[in-house]
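Below you'll find the structure, written out as structure tokens, and then a few comments.
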Amino acid sequence: MKKQEKYNSVPVKPDEITPKHIYQNRRTFLKQMGVVGLGALLASCAPGVTSTPSTSETLSDITPSGIGSELENQLTSKEAIKGYNNYYEFTTNKERVAELAQDFVTEPWSVNVDGLVENPGTYSTEDLLSNFEQEQRIYRMRCVEAWSMVIPWVGFPLHKLLEEVKPTSEAKYVMFESALVPEQMDGANSGMFPFPYTEGLRLDEAMHDLTILATGIYDEPLAPQNGAPIRLVVPWKYGFKSIKSIIKISLVVDEPPTLWNIVAPQEYGFYANVNPNVDHPRWSQATERRIGESGRIDTLFMNGYAEEVMPLYEGLDLTENF
Ligand code: MTE
């Protein structure tokens, strides 16, 4: 059996998804706030839900945005999403990340938002879960290495956080930084990469509604190997832009340095928009291997999100700005 064949795609309907981590985290948050009972919070976050919660009511906590629902019969299995990962701070071996990251400590956690903003702040995971309504988004994820998945994320649009911190008129880019904890991350000690892992977006890309901060996958909080407790997801860009385990978000004037662009600028551009017409110097980007399926499928321009995102790139040469 070829390695990838063990990951069979198991279709799961969105209404079977119970976002446990959201109500569990809200419960913790409520306890901290001295509020008794979950109903009150549910009522404040999900209009129309006021009674004592049951499992089905917790489903009301997720806004059925419908974004990506056309992909629901193509979902990659939870086993594959959690078993085949890129997280170089732990290892370059995709099938060992889960094991090596299992003890990564992600609680307590906070994300610092600073730079060119009117309201800088520090957000705990609980703040992010309770301040921003969580919704499900089913997105294609296309790795620059020409494999792909379809992932049911739970999270919220990044623009909601940015609107709260209010970027100043000078802010043009958003820079993201991952946690770097060498004593818990074997691969971080290899000296092979200039960690911490950093990434960046133009401010208008960051403000686009498709750009989310993810807190869960299927019915679970993010596993360490997927970037717990909070990661970026930018579905029209190669997967390396979707930085994991974020500790810092900074609004800046200039295009920020990003790890892969520092390591190999001729191979990994700042934009990294999925483009089957622009090959990687060492391989074609025309097709991809969908994990859990046999054969290859055509890669879609902008990973299938061209209609939504092309207005961002009017007048930009996408071959030059790869
Ligand atoms: N973020 C950090 N901090 N470290 C990494 O090595 N790998 C990137 C991205 N985010 C990476 C990261 C790459 S190359 C990909 S394809 C995706 O995470 C993989 O996400 P997944 O393992 O959840 O599928």
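Counting convention: from 1, in listed order, for ligands and their atoms alike. Because the structure is predicted, anything quoted here is derived from the model rather than measured. Only heavy atoms go into these numbers, but all of them, side chains included; no hydrogens, no water, no symmetry mates.
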Exercise. Going from CZ on Arg96 to CG on Asn85, what distance comes out if it is rounded to the nearest 0.5 angstrom?
Worked result: 13.0 Å
For this session: Drop me the distance from Thr92's OG1 to Tyr87's OH, to the nearest 0.5 angstrom.
Result: 15.0 Å
Exercise. Can a salt bridge be assigned to the pair Glu89 and Lys244 using a cut-off of 4.0 Å between side-chain N and carboxylate O?
Worked result: no
Exercise. Taking only residues at least two apart or on different chains, which pairs with a member in residues 165-186 satisfy side-chain hydrogen bond (donor to acceptor under 3.5 Å, both in side chains)?
Worked result: none
For each nitrogen or oxygen atom of ligand 1, which protein N/O atoms lie closer than 3.5 Å, and how far apart are they, rounded to 0.1 Å?
{"unit_1": "ligand 1", "atom_1": "1 (N)", "unit_2": "Lys244", "atom_2": "N", "d": "3.1"}
{"unit_1": "ligand 1", "atom_1": "3 (N)", "unit_2": "Glu89", "atom_2": "OE2", "d": "2.9"}
{"unit_1": "ligand 1", "atom_1": "3 (N)", "unit_2": "Ser178", "atom_2": "OG", "d": "2.9"}
{"unit_1": "ligand 1", "atom_1": "4 (N)", "unit_2": "Glu89", "atom_2": "OE1", "d": "2.8"}
{"unit_1": "ligand 1", "atom_1": "6 (O)", "unit_2": "Tyr88", "atom_2": "N", "d": "2.7"}
{"unit_1": "ligand 1", "atom_1": "7 (N)", "unit_2": "Asn86", "atom_2": "O", "d": "3.3"}
{"unit_1": "ligand 1", "atom_1": "10 (N)", "unit_2": "Ser242", "atom_2": "O", "d": "2.9"}
{"unit_1": "ligand 1", "atom_1": "18 (O)", "unit_2": "Arg231", "atom_2": "NH2", "d": "3.4"}
{"unit_1": "ligand 1", "atom_1": "20 (O)", "unit_2": "Arg231", "atom_2": "NH2", "d": "3.3"}
{"unit_1": "ligand 1", "atom_1": "20 (O)", "unit_2": "Lys244", "atom_2": "NZ", "d": "3.4"}
{"unit_1": "ligand 1", "atom_1": "22 (O)", "unit_2": "Asn85", "atom_2": "ND2", "d": "3.0"}
{"unit_1": "ligand 1", "atom_1": "22 (O)", "unit_2": "Asn86", "atom_2": "N", "d": "3.2"}
{"unit_1": "ligand 1", "atom_1": "22 (O)", "unit_2": "Lys244", "atom_2": "NZ", "d": "2.6"}
{"unit_1": "ligand 1", "atom_1": "23 (O)", "unit_2": "Asn226", "atom_2": "ND2", "d": "3.0"}
{"unit_1": "ligand 1", "atom_1": "23 (O)", "unit_2": "Arg231", "atom_2": "NH1", "d": "2.7"}

Between side-chain atoms of residues 192-203 and protein atoms elsewhere (two or more places apart, or another chain), which donor-acceptor pairs fall under 3.5 Å?
{"unit_1": "Tyr197", "atom_1": "OH", "unit_2": "Phe240", "atom_2": "O", "d": "2.8"}
{"unit_1": "Tyr197", "atom_1": "OH", "unit_2": "Trp260", "atom_2": "NE1", "d": "3.1"}
{"unit_1": "Thr198", "atom_1": "OG1", "unit_2": "Pro257", "atom_2": "O", "d": "3.3"}
{"unit_1": "Thr198", "atom_1": "OG1", "unit_2": "Leu259", "atom_2": "N", "d": "3.4"}
{"unit_1": "Glu199", "atom_1": "OE1", "unit_2": "Lys241", "atom_2": "NZ", "d": "2.7"}
{"unit_1": "Arg202", "atom_1": "NE", "unit_2": "Asp204", "atom_2": "OD1", "d": "2.9"}
{"unit_1": "Arg202", "atom_1": "NH1", "unit_2": "Tyr271", "atom_2": "OH", "d": "3.0"}
{"unit_1": "Arg202", "atom_1": "NH2", "unit_2": "Asp204", "atom_2": "OD1", "d": "3.4"}
{"unit_1": "Arg202", "atom_1": "NH2", "unit_2": "Asp204", "atom_2": "OD2", "d": "2.8"}
{"unit_1": "Arg202", "atom_1": "NH2", "unit_2": "Leu312", "atom_2": "O", "d": "2.7"}

Seminar exercise, completed: Residues at least two apart in sequence or cross-chain that pass side-chain contact (heavy atoms from CB on, under 4.5 Å) with Met141, listed by chain then number, are Trp147, Ile151
